[in-house]
Amino acid sequence: MSPISSSCQTVAIVLAFACALSTLLLWNRLRGPLLLRTAARLLLLVTGQLLATAAILVWINIASGGLIVSWQDLLGNQSTRGGVFAGQPGQVPALSGAVSATPALLLTSGQGHQPFDAAGHGFRVTTLHGTASGITSQVYVWTPPQYAAHPHMRFPVLELLHGVWGSPQGWTGPMNVAAHLEAAEQSGAVHPYILVVPELTPIPGHTKPNNNEECTDIPGDAKVGTWLTTDVRTMVVSDFRAEPQASGWGLMGYSTGGFCAAKLVLQYPDLYRAAVSLAGYYTPDSVELTDDPDLSTANSPLHLIGHTRTPAVSLLMTASAQDPIDPAYEATQMVAAAEANPLARATEVQSFIAPVGGGHNQTAWEKMLPTAFTWLSQRLAGPTG
Amino acid sequence: MLLTSPTLQVCAIAAAALTTCATLLLWNRVRGPQALRWMARITLLAGSYAATALAVLLTVNILYGGLIVSVDDLFSDPHAKPMHHGGHGAAYQHGTGFNGGGDAAPPGQPGQ
């Protein structure tokens with residue numbers, strides 16, 4: 001019985017009602033000392049509460065298109081964290097637990113942004129006033145331990161894009177991205193990256209799957225593309241010892257963030273050399289774009305790779321065959337479109353589809369991180385200086 | 001209001017605990033006709049279920065990295081036409097025709 005089956009939904013609802021009814025009928029029929037009766041009543045009450053909550057959670061999961069498709073998604077354990085991809089170089093050791101918060105650089109001021117605050121999981125957060133886009137929103141930054149240890153080196157950067165609905169904390173928390181990066185670095189095949197996680201939906205009210213900008217400059221409206229590229233990059237390069245060249249910048253995103261990573265690497269080859277899309281999609285979804293056919297095609301990775309001359313960048317698309325929301329065939333479609341387009345020869349387009357990669361959630365995507373870090377490190381320059 | 005705030009989470013958990021205790025204490029203290037007493041009990045029960053569900057949902061939202069950050073996110077219309085395309089009116093007209101009259105919004109597919 002899978003978590004998205006209707007039998008699971010039925011069982012959850014029936015159990016919740018049965019428990020509620022039992023509570024009503026049995027409350028004054030329980031026998032024994034007062035303490036025992038009270039304990040039994042409390043048990044009935046709490047069981048009913050939890051069953052009702054479970055029924056609601058199952059409903060939300062199904063109504064959302066199936067975020068969690070297997071019990072493994074839900075109970076994903078440490079042993080699965082090595083990655084779902086077989087035959088990859090650089091075996092990643094087991095995680096040793098929480099990331100040490102490394103206060104490598106506690107900026108007190110900077111150009112156009114507020115001081116950084118501690119944000120948990122070793123990240124720090126600031127509110128950035130983007131001068132190019134006019135957008136003010138949050139950016140999370142994590143620096144590797146090597147950053148403090150080598151005060152004269154410049155470090156490559158991974159810009160991480162979250163899904164919609166979602167927030168940057170989706171990367172810092174449930175994805176365990178800093179812990180995975182530190183574990184992967186011990187293999188020696190992965191660079192110590194600065195991690196940068198900007199808000200993908202900085203405009204209030206534009207925060208849903210069908211009304212966000214999908215990382216695009218919308219004419220006459222918000223310049224979210226400029227925010228994510230120019231503004232975030234300017235802040236990171238000026239306030240951190242970050243590589244200024246495209247060869248030191250990679251993109252990675254999940255779901256809508258995956259769409260954005262694929263799109264931005266094709267549109268801004270001067271800024272990024274490589275991108276990974278974890279369970280992304282490749283044609284615009286939001287009315288902000290689909291309302292305007294020209295805007296829609298200009299920002300469709302599938303259109304760009306299939307019908308335009310594309311730059312010398314690399315794109316890896318990972319997907320799970322079990323994912324019902326952003327199905328794996330979209331990645332296959334991208335690879336086929338790239339192969340059929342002679343103008344796309346310069347672009348490296350790869351896909352990896354995990355047969356049992358889990359549903360549309362962070363437990364599934366974090367298993368793809370070790371491979372993604374290795375793949376990116378084969379294409380991006382390491383620290384210099 | 002931020003749905004990811006720890007204060008809200010603590011309040012929701014406290015409310016769940018409080019409604020549970022209230023149910024235990026008040027169950028047999030309600031006075032009045034039989035029908036009224038059953039109504040009161042069902043209300044107590046449903047209230048404690050709702051409070052617990054809310055506390056768990058808020059916690060799950062936070063654990064998943066703040067899927068839904070503000071209350072506005074939750075209640076704004078996902079199918080609302082963007083009202084700010086002032087800058088490219090012609091393109092918007094084109095888009096309206098493309099969608100067949102402008103009433104038909106794309107089907108909802110949350111969770112992307």
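All values derive from a computational prediction rather than experimental measurement. All heavy atoms count here, side chains included; hydrogens, waters and symmetry mates do not. Proteins get letters first, then strands, A, B, ... in listed order; numbering begins at 1 in each.
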Student: Around A:Leu35, counting heavy atoms of other residues, nucleotides and ligands shown, do more than 12 lie under 6.0 Å from its CG?
Tutor: no

Student: A:Pro174 and B:Leu63: which non-hydrogen atoms are nearest, and at how many Å?
Tutor: CG-O, 3.1 Å

Student: Between A:Ile56 and B:Ala53, which heavy-atom pair has the shortest distance, and what is it?
Tutor: CD1-CB, 3.8 Å

Student: Tell me, for A:Leu45 versus chain B, whether the close heavy atoms (under 4.5 Å) come from the side chain, the backbone, both or neither.
Tutor: both

Student: Drop me the distance from A:Trp165's CH2 to B:Asn61's CG, to the nearest 0.5 angstrom.
Tutor: 9.5 Å

Student: Below 4.5 Å, heavy-atom pairs only: which of A:Ala52, A:Gly48, A:Gly170 has the largest tally toward chain B?
Tutor: A:Gly48

Student: Who among B:Thr4, B:Thr52, B:Leu54 has the most heavy-atom pairs with chain A under 4.5 Å?
Tutor: B:Thr52

Student: Side chain to side chain donor-acceptor pair (under 3.5 Å), that's the test. Do A:Gln49 and B:Thr20 meet it? Break it down for me.
Tutor: CA-CA 9 Å; A:Gln49 290 170 351; B:Thr20 305; 2.9 Å; yes

Student: If you round to the nearest 0.5 Å, how far is OG1 of A:Thr23 from CG of B:Leu44?
Tutor: 12.0 Å

Student: Rounded at 0.5 Å granularity, tell me how far CG in A:Leu24 sits from CH2 in B:Trp38.
Tutor: 5.5 Å

Student: Tell me the closest heavy-atom pair linking B:Tyr64 and A:Ile68, and the distance in Å.
Tutor: OH-CD1, 3.1 Å

Student: Can you tell me which portion of A:Asn28 sits under 4.5 Å from chain B's heavy atoms? Options are side chain, backbone, both or neither.
Tutor: side chain

Student: Using a 4.5 angstrom heavy-atom cutoff, name the option from A:Gly166, A:Gly66, A:Ala55, A:Gly173 with the most pairs to chain B.
Tutor: A:Gly166

Student: Under the criterion side-chain contact (heavy atoms from CB on, under 4.5 Å), I'd like the reasoning laid out for B:Val60 against A:Ile60: C-alpha separation, chi angles, the key distance, then a yes or no.
Tutor: CA-CA 12 Å; B:Val60 168; A:Ile60 290 176; over 6 Å; no

